[in-house]
Each structure stands twice: as C-alpha cells, then as structure tokens.
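Working notes for the structure below.
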Amino acid sequence: MEPLQILERVKNRFGDRVLETIDKKPDPFAVVDPGAIVEIGRFMNEDPELAMDCLSNQSGVDYKDRIEVVYHLFSYKHRHGAVLKVKLPRENPSISTVESVWKSANWMEREIFDLLGVNFEGHSDMRRILMPEDWIGHPLRKDFVEPAEYHGISTVRESPIIRLNTKTK
Amino acid sequence: METLIHNVIASGAFGHNASPTLVAAIVIFVMSAVVFLGVAFPFAGIVSWAERRVWARIQSRVGPNRVGPQGFLQWLADGVKNVCKEDIIPDEADAPLFKLAPYLVILAFILPWAVMPFSSSLILADMNVGILYMTSVTALTVVGVLMAGWASNDKWSLIGGIRSAAQIVSYEIPAGLSIFPVVMMTGTLSMQGIIRGQGWAPQHWFLFANPFTFVAANILYISALAEGNRTPFDLPEAESELVAGFATEYSGMRYLFFFMAEWGNLFIIGAIITTLFLGGWQFPHVSNNVVVMNILQLISFNVKVLFLVFFSMWIRATLPRVRIDQLMTVCWKYFVPIAFVNMIGTAVWVAIWPDGNAAMGYIMFAAGIALTVVFVQRVIYYLKRSRMEVYFNPTI
Amino acid sequence: MSTLHTEEMTLNMGPQHPSTHGVLRFVVRADGEVMREAIPDVGYLHRSIEKIAEKVGYHGFMPYTDRVDYVCAMFTNQGWGMACEKLAHIEVPRRGEYCRVIAAEFNRIASHLLSVGAMAMDIGAVTPFTHAIREREMINDLIEELCGARLTFNYMRIGGVAWDLPPGWREKALAYLDHFDPILEEYNALISWNKIYVERLANVGVITPADAINYNLVGPNLRACGIKWDIRKDIPYSAYPDFEFEVPIGDGHWGKLGDSMDRYVVRIREMAQSAIILRQALAKIPPGPVLAKVARNFKPPAGECQIRIESGRGDMGWYLVSDGTGYPWRVHVRTGSFAAMGIIQKLSAGLMIADLVTLIASLDVIAPEIDR
C-alpha cells in the first residue's frame, strides 16, 4: 500500500483524531491527536491490512513554537511504511508511551526524554539514557544553554590562539 | 642422592668429624637451590618468551624480537619492569593474605621439582611416593588462588577465585584416576620406578601399552591443563570477562608470580605425562659411560617434555574457552566415568597379563602412527585448500 | 533444617573492559554465575553529533558522520549523502553510485571481519582475531589509496564521491578479492565449526522473529532469526539493482533459530556475498563523472525525509528536517546498535556471565553508534 492509502485508512477509522494528512514529497505524513497515539498505534500494529509491526524510528524535533514527535512505522509483512507526527507544546510536553505496542519505543523514548524533555506517561523506565543522571536541561532544545561547569569541570576554555596573539603584540 | 652425600663426606671437604646429617642438609639445600633457582624459575621466565613467540607465529605476527637475540631477553626485561612497578595494595583488601597468596601459588609450582626425574641419577629426591607427592602439592594452587580472590576485596576477583577453585578441585579427580592405571601396571608410585617400568622404544611406553592407558593419558593431559588454568580452561583469568580474574587487583611482580607459576606448571604437566606415559628419560643403551648416558637421558626427557609444553602453547593459541557449566559437565559427566572405566579395564588387563602384552604395544603404536598421519594429512589438505602462505622460518 | 541464606550480587561490568566493543557499562545482578538481569548503561561516548549538525551545515557534517560509526564509516557517509540528495532531488552520476557501492562493500567486509574476530577473541580464541585484522589491514590499505584515510574515510560527498578510483586500483582490488575468498575457508576451518566454539554460541541469546521485529532489530541480527529482509534488495537504492547477490539468513542449524551462532554464521556468509557484489561492481563500472554539481552553500528546500540504508550493522535510518537555510534543522540517526541494546536487558535473564559477553559480541554492538 502506498503511504497515503495507509494514512487514509487510519483516518477512516479514527476520524477527527487524525488531525490532518499532509501529502508532502518525499514522505507524506499524518498529524494525529496526542491523546490517541496509543490507540492509533495499536490499530496500525494489529490491523491485518496494515500490520505495522515495527517502529522503525522515533524522533523528536524542536520547532521554535512546538515540539514534534515523529513516528516512522514499517511493516515487514507487507513491506510498506507510514509516518505519524504528534505536536506537543514546548512547556511540559507529555504524551503516552507506545512501549506497550512496540518494544523498540522503550529506548527511543528515553532518548527523546533525555535530549528534548518530552515526558512519556506510562513508560517503564523513564530516565536519562545518554546524558549523566544528574544533568540539568535538555541539550537538543534550540534554547539550550550549556552550563558553565559540570561537577567542577569548566566547559569554557580560552582559545590558545588568543594568548598567542597577545604575545606577539 | 645418597651416593652423592656419601661421596661428599668421604672426600673430606667438610672435615673428618662432620656430622652426616649436617652435610646431607647442606648438600640438599645447594642442590635444591640449583634446581629451583637455576632451572625452575628461569624456565618459567623463558617459557613466557617462548609462548609469546609461538603464539605470534600462529597468529601470523612476529612476537618479541627486539630485546636480545630473537627477543630472548624479553622475559628478563619483563621481570625487571615488574619489579620496578609500584606495589599497589587496595585499601580494603586483606593485606597479609593479599601478599601471601602469590607465594602459595609459587610454592605449588616449585615443590614438584623435587621429584622431577631428569635422568637416571639426576633427581633431587627419589621418593617412593613420587607421583602422589606431585599431584598433591600441585593442589596447593587452590589455596593460593582462593586466597587471592578473597583477599582482593573485589567481586570479580572472587568470582575468578571461586571458579578456579572449583575447576582445580574437580579436575583432580580424573587426573588422579588416570594415574592409577600406570601405578597398577608398575606397582610403584616412585617416579624412577615408573620410568624403569617402560622402555625407550615407543611400543614399550605406557601410552601404547593398552587402549585404556591411551585414553587415560589423554584424560590426564586435559585434566592437567584444566588444573593449570590453561586454555581452553582459563576461565579464572578470562580476559574478556573478568579482566584478569583472581589476579585483577595485583600489579607488578605479585601479578607476575601468578603467571610464572602458570608457565612453570607447563613443565610440570609435561613432566607428569612424560614420566607416566612417554617413557621418561629412557634412551637406548649406546654407551657404558654413566655421564654420557645421563646426558643422553636428560636430552631425551627434555625433548619429550618441551614438546608437550609446545603442544600446550599450541592448544592455547587455537582453542576458545569453555564456559564454567560446560567445564563441570565435561569433568563430572564424562571424564570421571571414563577414568573409572580405564582403571577397571587396566586392572583386568594387569590381572590377565601381569607382565604386559608386547603385541598390544605394537598394535597401539601402529594406531598412534595412523592417527598422526591422518592429522598431518588434514593439515596439508587445509593448507592447500586455503592457499595459505606459510612461513616456517622461526627467526623471521 | 532452615534454607541457606543467599543473596544476589550486584556487579559492575564497567566502562573500562577488555571486551572490545567500546565504552559500555552493564550493571549485572547475578546469583552466582547466573544473571538475573543485566541493565545496560550507555552514554559514555555521547558527543552530541546530532546537535553539531545544526551548527556546521550540510557539507561540513560529512566528516562527523564518520564518527557516528567509525567501523562502518562509508555507510554513514552514504546515508548522509543520500538524505541530502533525496531532499534536494540531486541525482548521483552512475559512476559515483558504483564507487559508493564498491567503497561500501569493502567497508562491510572490513566491519564484519572486525566483528567476527572480536567475537572469537571474546570467546577466548585469540588467533582468529589477528587473522581477521590482517585481512582488514589489506582492505584498509586499499581504501587508503582510494581516499587517504584508514578509519574515518570522509570519502563521499553530497552528490557522489570525492575522488575517482586511482589508476591501477581496480586491479589491486580484484587481486585482493582473489586472495580473500579462500581466507574465509581458512577462517571457517580455524574457528567457525570448532566444537567448543559452537557449544559456546549455540542456543545462547535466542531471539524469536516476533521479538526481533518488535524490538526493531536490524541487519544480521534480524536475518539470523530467519527473516529475509535486506534493504539492498527490498528497498533498493544506489547501484544495488544492477547486482545479483543472495541474502543469507539464519537457519537454526547449530541450535535454535535466532541464537548467537546464527548471527555469527550470517556475518560470515555476508562477507562472501559482499565479495561477489564487489567483483560485479568492479567489472561493470561505467565511465563518467563521480560527483554531481552541488552548490558550495548547499540549501535544500524546506521539508523532511527519511533514508534507510543497509549498513554493516543493519538498517541505519537517517531522518533529516530542513528549514531551507544552509544548516539542517534536525538530524536523527537511528542505528542498528541502539536497537540491539534495547533487547539485552530482556535476554539476559537466566544467562551466565560468560554468556553476556557472547551475547553482546554476537549482536555486534558498537558504542559510538549507540551514543552518537
């Protein structure tokens, strides 16, 4: 099935929970209601026509006015794929986890939480994965400012070139 | 040995009123020092160099070749480097036991050299319980390794120590059971007695005496490898899991002591197999001169033992490691029953043919030759099929 | 008689470890030798490569992609190139595609050699590792002639590859392939069917096909479970439609389907298939340019795209969001090792500590891919 057909089928089933279907080249995608993501995910996983048995990629993107979580789904049975998106507010973004549908979401959601600050409700192990446990802030956000030091290690360093320049003066 | 002491006393070197026991003690100390410090420890060092060269050639590398001719002094350089290292003892470790453990392992490696039959008259102490003494003192390693694992105050060392203890203690059983067939055939436990019971020709070796001793020799060799913590049984020091197992917290010379004991044990393993199954120092009687015969016997013994040492290194470079439960399965479910069968079979054999059966010796020898030929043919087949480039020059 | 009081041990298989898979840490709860659980702790190699992409621009990011997976650097290069090309509708010249495939398949052989060699060394056999590295060094020499680097190649550009094949390189590559085919035989004779090795690998870490798909395992890990899926054949890209090759899958011959032995054998067979692809590519390579004309200040149209390529470790998914400026808005790489780490915690229950090392080695986990 073509990606647009897949998204049409989901829209027929869920009606207005699928907010919009955008036929953008090269990859069309559908924006869905954050509250419905688990049901939609489960439907796409279990429906025999779609059989999206694999969550191939789950990314978070920080647009300046919102945070989006993008789900790239794929079906090994039918060899087709589709893209779902969810738009979340930048303050306290929160959405249900799809870990119960696809286990691969476990680590990918931990990464999105760690780097972008999206809280996934119902996740079995919501803690930082790449950054240290006591890190403050979410580094991949566009407004992230690196702290001046971490455990006494300074993150700024004067460039040696500056020292050279002052010497030759 | 007693004749030597008599000769020394008779020569009057210590004065005419010297007490025989004092002279005997001095002579034994000097001889022991010669053997231990002059043969055992240098051997352990040299075998480290040899192992690295053999390994390297098997792995298509060169190995140490810079320090001295062909890298021969590498082991001295390693020793000096390790002695100069900082002696680190972890804070929470049990310091007295931590320091004592390597010495116990060294003790287990040194003591068997007292009964090592180098030739018909070159043996420090021809005890009449020679082979039993040898197997029992090598088991001292368990104490040392467990002590090292516990005193390091490190969970990984503990796991390594416990694995090693379980392994050594388990493999004592098939090793001991495999010694019994030979003892039954000669009726004596003394090393020289067992060697005198064999002839110099392969068909007179106990290895080929009957099929039961053939299997017993194999089981003894594998069990001895397991007791010496050699691959494929080197779990206690499995580098990829436990860093260095029970020796993780050790640094410098203490660390090297463990490995000196392991390398020296190679000789002891080879010596046990040679004595029991390969005819020891036996050499055809080509001269009536005692000195010449002794030298030839010494060469014969060393050639056999060093071949087995090389074979152990070869196995270590080739085979992967077994897991602990597989190791225990092999020992208890396979080796122990087979060793029992060997013992009973040999007992029946000795009952039927008390003086041995010469014909069986020839048949087994022929079977051994056939096995070797098959092995060489397989090697040549694989060499040809993979069009491998082989460099036989060891001094490359 | 009261029961013996036993406790669980919590061990730390720390970031410094001789198991050569990078900087990984496992917190192991063990009951003696048998593990209850091995909890992976990653992030020691996190270099914020995805955020760096937003700062250095499209062309400037190509060397950084090498470091995402330094063992399979050609594939990461190709992934980034393809993502930019898909977004900007750039077509790579045929010769450029062939050069990409040749470089990538040599890198696949090198990566698999390292993987099987390191696996054998973790199991305890030290010789196969040195033999594999010896072969890999020859490939490194070839690629050094091609692009100047031995590990982080930076060979591909957006729109093709940086340099054409040097004169005489084709003959050297073909000579190497002639030398390589019997080496696999030698390797198999040395270690692959060794009884001890098979006993260590068979039935360890069995992954069912349903689990493999659910946990998003890719590449040889997925094919070892019997699922015939290879992006080079199923979503063909670059010059792969021109070549005939097979996709080896696991068959449970030595143990259960989907155990560590299957993953190992799939990698060995993939190396042979890569050699077949290379011979065809070197024979059929067309003349022409190798790099399409791409602007220095490359500004793809605003939009997003997803690319999947078959890297040495499996399906590497690149997700690129562009806002029309010269700097990417968001780059996300979903690598095969990241997915494989997710399944270790589940598989580790009931394994022995020695098996954990086997499992990590058989899943071919590389730390920089996980952490980026």
Side-chain angles (χ1 to χ4, degrees), chain A residues 3 22 24-29 45 51-64 67-68 70-77 79-81 83 85 99 101-112 114-116 124-125 127-133 135 139-142 144 146, chain C residues 39-48 50-51 54 83 85-89 209-218 222 227-229 234-235 301-308 315-321 323 329-335 338-346 370-372:
Chain A
I22 300 189
K24 220 168 161 197
K25 291 280 173 272
D27 293 326
F29 58 87
N45 186 16
M52 298 285 186
D53 43 15
C54 174
L55 175 63
S56 168
N57 197 356
Q58 186 181 1
S59 335
V61 189
D62 178 19
Y63 297 94
K64 291 270 174 59
I67 288 186
E68 283 189 8
V70 184
Y71 299 79
H72 285 90
L73 301 167
F74 187 72
S75 166
Y76 280 101
K77 196 160 154 213
R79 310 282 161 106
H80 58 210
V83 184
K85 282 200 193 187
E99 191 190 347
V101 184
W102 300 287
K103 288 279 185 302
S104 54
N106 187 334
W107 270 47
M108 294 203 259
E109 286 173 354
R110 276 179 69 187
E111 184 189 351
I112 301 177
D114 187 6
L115 297 178
L116 282 167
S124 59
D125 191 14
R127 58 191 167 100
R128 287 189 181 267
I129 188 171
L130 295 178
M131 307 303 294
E133 287 90 20
W135 191 265
L140 213 50
R141 290 201 173 199
K142 295 290 179 186
F144 176 73
E146 198 180 5
Chain C
I39 306 167
D41 177 16
V42 297
Y44 289 91
L45 212 48
H46 179 64
R47 294 148 292 166
S48 62
E50 295 176 351
K51 185 138 182 134
E54 302 166 14
E85 287 148 20
K86 184 170 173 185
L87 207 51
H89 307 292
D211 262 348
I213 296 178
N214 206 343
Y215 278 88
N216 196 18
L217 283 180
V218 291
L222 183 66
I227 300 168
K228 205 174 178 83
W229 171 260
D234 295 302
I235 314 178
E304 57 189 55
C305 75
Q306 195 217 18
I307 281 287
R308 296 167 75 178
D315 157 14
M316 190 184 274
W318 286 82
Y319 176 58
L320 169 62
V321 177
D323 61 347
W329 186 258
R330 171 86 167 103
V331 176
H332 182 223
V333 194
R334 195 272 303 134
T335 51
F338 190 77
M341 289 299 284
I343 202 174
I344 287 183
Q345 190 167 350
K346 170 179 185 276
I370 307 171
D371 299 339
R372 283 157 281 129

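Throughout, a chain's letter reflects where its sequence line sits, starting with A, and its residues are numbered from 1. Any value given below was found using the heavy atoms of this structure, including those in side chains, with hydrogens, waters and symmetry copies removed. Not measured: the values here are computed from a predicted model.
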Side chain from CB out, backbone as N, CA, C, O: work out which of these in A:K77 comes under 4.5 Å of a heavy atom of chain C, or both, or neither. neither
Counting only heavy atoms closer than 4.5 Å, note whether A:F29 contacts chain C via side chain, backbone, both or neither. side chain
What part of C:E304 gets closer than 4.5 Å to chain A, counting heavy atoms only: side chain, backbone, both or neither? both
Under 4.5 Å from a heavy atom of chain A, the part of C:I39 involved: side chain
Would A:Q58 and C:H332 count as a side-chain contact (heavy atoms from CB on, under 4.5 Å) here? Give the steps. CA-CA 9 Å; A:Q58 186 181 1; C:H332 182 223; over 6 Å; no
For the student: nearest non-hydrogen atoms of C:K51 and A:R141, plus distance: NZ-O, 2.9 Å
Going by heavy atoms in the side chains, are A:D27 and C:K86 under 4.5 Å from each other? yes
Counting N and O atoms only, with roles assigned by atom type, does the side chain of A:R79 sit under 3.5 Å from a partner on the main chain of C:D234, one being a donor and the other an acceptor? no
In terms of heavy-atom pairs under 4.5 Å with chain C, the winner among A:L55, A:N45, A:N106 is A:L55
I'd like to know if the side chain of C:W329 reaches the main chain of A:V61, judged simply by a donor and an acceptor atom lying under 3.5 Å from each other, with no hydrogens or angles considered. no
C:W318 backbone acceptor or donor facing A:N57 side chain under 3.5 Å: no
The interface call for C:D323 against chain A, heavy-atom contacts under 4.5 Å, is neither
Taking C-beta and beyond as the side chain, do A:D53 and C:N214 meet within less than 4.5 Å on heavy atoms? no
Roughly how far apart are C:Y319 OH and A:S59 OG, rounded to 0.5 Å? 6.0 Å
Determine the minimum heavy-atom distance between C:I370 and A:L130, stating which atoms define it. O-CD2, 4.1 Å
Under 4.5 Å, counting heavy-atom pairs only, tell me which of A:M108, A:M131, A:K142 racks up the most with chain C. A:K142
On a heavy-atom basis, which atom in A:W107 and which in C:F338 lie closest, and how many Å separate them? O-CZ, 3.6 Å
Distance to the ring centre below 6.0 angstrom and angle to the axis at most 45 degrees; does that hold for C:R308 and A:F74? yes
Chain A heavy atoms under 4.5 Å from C:V321: which part of the residue, side chain, backbone, both or neither? side chain
Is the backbone of A:S56 close enough, under 3.5 Å, to the side chain of C:R334 for a donor and an acceptor to pair up by distance? yes
Flag, side chain of A:K103 to backbone of C:I213, donor-acceptor distance under 3.5 Å: no
Result for side-chain contact (heavy atoms from CB on, under 4.5 Å) between C:R330 and one of A:V70, A:D62, A:L140 points to A:L140
For the SG atom of A:C54 and the OH atom of C:Y215, what is their distance to the nearest 0.5 Å? 13.5 Å
CG/C:N216 to CH2/A:W102 distance, rounded to the nearest 0.5 angstrom? 11.0 Å
